[in-house]
Amino acid sequence: MRILITAGPTREAIDPVRYISNQSSGKMGYALAEAAEKAGHEVILVSGPVNLAPPAGVETIAVESSHEMFEAVRDRIGDSVDAAIFCAAVADYRPKNIAAEKIKKNSDSMTLEMEKTEDILGSARSVFGFKGTLVGFAAETHDLEKHAVEKMQRKGCDLLVANDVSRKDIGFDRDENEVRLFFADGRDERIPMQSKADLGVALIQKITEL
Ligand code: CTP
């Protein structure tokens, strides 16, 4: 199969030297890319800024902002992609205006006006017309099942991989993860705590079955 994967955080510029980002390390997305490549699939990895080496044998497209990630996915998802896995922690909002010059510290407080970013996963079916297997991720702190199932249906996913980010021992910037899977056909499954590398292999297996 040809598999497109998004990974890592995005950076949303405030001015030429500052940005808003999040704690995603990219480890889960890179583990998925490596597992998919080792299983014999062709992989396109669209990655936000991370401290990880591009996996061998994987076409890696480096992006910074959510808008650049949106454009990279839009440009490649039509290239006979069989499965798309949206693992990136994309910013939901970005500064409405990017200052052309470094903002000076000349008042006691400042307000940043933010606007919504494009929902890349949410655009896969409705905007890009993607017909292949669609996999989303969700990081939740509460009511995990309710939010995960709602997100899966709203974004047209075949599978949603949910992380409980209220727990400090798994998820963001950790080497291990424990997730719950929610399938569009109503099945759900718990995948026990394991390294992200092993979890990548297990998830690629499940996605291949879909
Ligand atoms: N995602 C995306 N583009 C965005 C935001 C999220 O592609 N601008 C993808 C992520 O890669 C992940 C899933 O959508 O697969 C996570 O969605 P999330 O941001 O948690 O869902 P929202 O619909 O924004 O809901 P919430 O209010 O919980 O943030």
Side-chain angles (χ1 to χ4, degrees), residues 3-13 19-33 36 43-50 61 63-78 81 83-96 114-130 132-167 170-173 177 179-184 191 196 199-200 203-204 206-207 210:
I3 306 183
L4 182 145
I5 300 172
T6 70
T10 62
R11 284 182 184 170
E12 310 302 328
Y19 57 79
I20 291 176
S21 191
N22 61 64
Q23 295 203 40
S24 169
S25 62
K27 285 174 185 166
M28 191 65 248
Y30 276 58
L32 282 163
V43 183
I44 303 167
L45 176 64
V46 179
S47 176
V50 296
I61 302 169
V63 298
E64 291 233 332
S65 65
S66 57
H67 186 67
E68 285 173 14
M69 188 173 279
F70 175 85
E71 289 186 324
V73 171
R74 181 197 61 200
D75 293 348
R76 300 305 301 275
I77 201 165
V81 168
I85 311 173
F86 288 78
C87 191
V90 184
D92 286 332
Y93 293 89
R94 65 179 157 232
K96 194 163 179 193
M114 310 278 279
E115 65 180 10
K116 254 197 181 147
T117 58
E118 295 99 335
D119 185 343
I120 309 170
L121 173 60
S123 303
R125 300 278 191 225
S126 56
V127 181
F128 308 146
F130 180 63
T133 300
L134 186 62
V135 181
F137 273 68
E140 307 291 347
T141 55
H142 58 286
D143 294 332
L144 182 131
E145 178 162 1
K146 178 172 154 259
H147 288 132
V149 170
E150 184 276 326
K151 212 165 271 188
M152 174 180 64
Q153 293 168 345
R154 176 163 46 90
K155 301 195 185 198
C157 300
D158 298 292
L159 166 64
L160 192 122
V161 183
N163 266 306
D164 179 350
V165 285
S166 66
R167 288 175 54 177
I170 54 172
F172 274 127
D173 204 22
N177 205 358
V179 296
R180 287 184 68 185
L181 308 185
F182 298 93
F183 294 89
I191 308 272
K196 286 184 175 173
L199 184 58
L203 288 174
I204 291 299
K206 305 242 174 239
I207 292 162
L210 281 177

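Just so you know, these numbers use all the heavy atoms, side chains as well, and skip hydrogens, waters and symmetry mates. Counting convention: from 1, in listed order, for ligands and their atoms alike.
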What residues come within 4.0 Å of ligand 1, counting heavy atoms only? Phe86, Ala88, Val90, Ala91, Asp92, Thr117, Glu118, Asp119, Ile120, Leu121, Gly136, Phe137, Lys151, Arg154, Lys155

Under the criterion salt bridge (Lys or Arg N to Asp or Glu O under 4.0 Å), which of Glu118, Glu12, Glu68 is the partner of Arg94? Glu118

Can you give me the closest heavy-atom contact between Arg11 and Pro49, atom names plus distance? NE-CG, 3.5 Å

For Asp158 and Arg125, run salt bridge (charged side-chain N to carboxylate O under 4.0 Å, His left out): C-alpha distance rounded to whole Å, both residues' side-chain angles, the deciding distance at 0.1 Å, then the answer. CA-CA 11 Å; Asp158 298 292; Arg125 300 278 191 225; 3.0 Å; yes

Set out, in order, the CA-CA distance, both residues' side-chain angles and the distance that settles side chain to side chain contact (heavy atoms under 4.5 Å, CB included) for Ile77 and Asp75, then state yes or no. CA-CA 6 Å; Ile77 201 165; Asp75 293 348; over 6 Å; no

So, Ser47 and Tyr30: side-chain donor and acceptor under 3.5 Å apart, yes or no? yes

Is there a donor-acceptor contact under 3.5 Å linking the side chains of Asn22 and Ser24? no

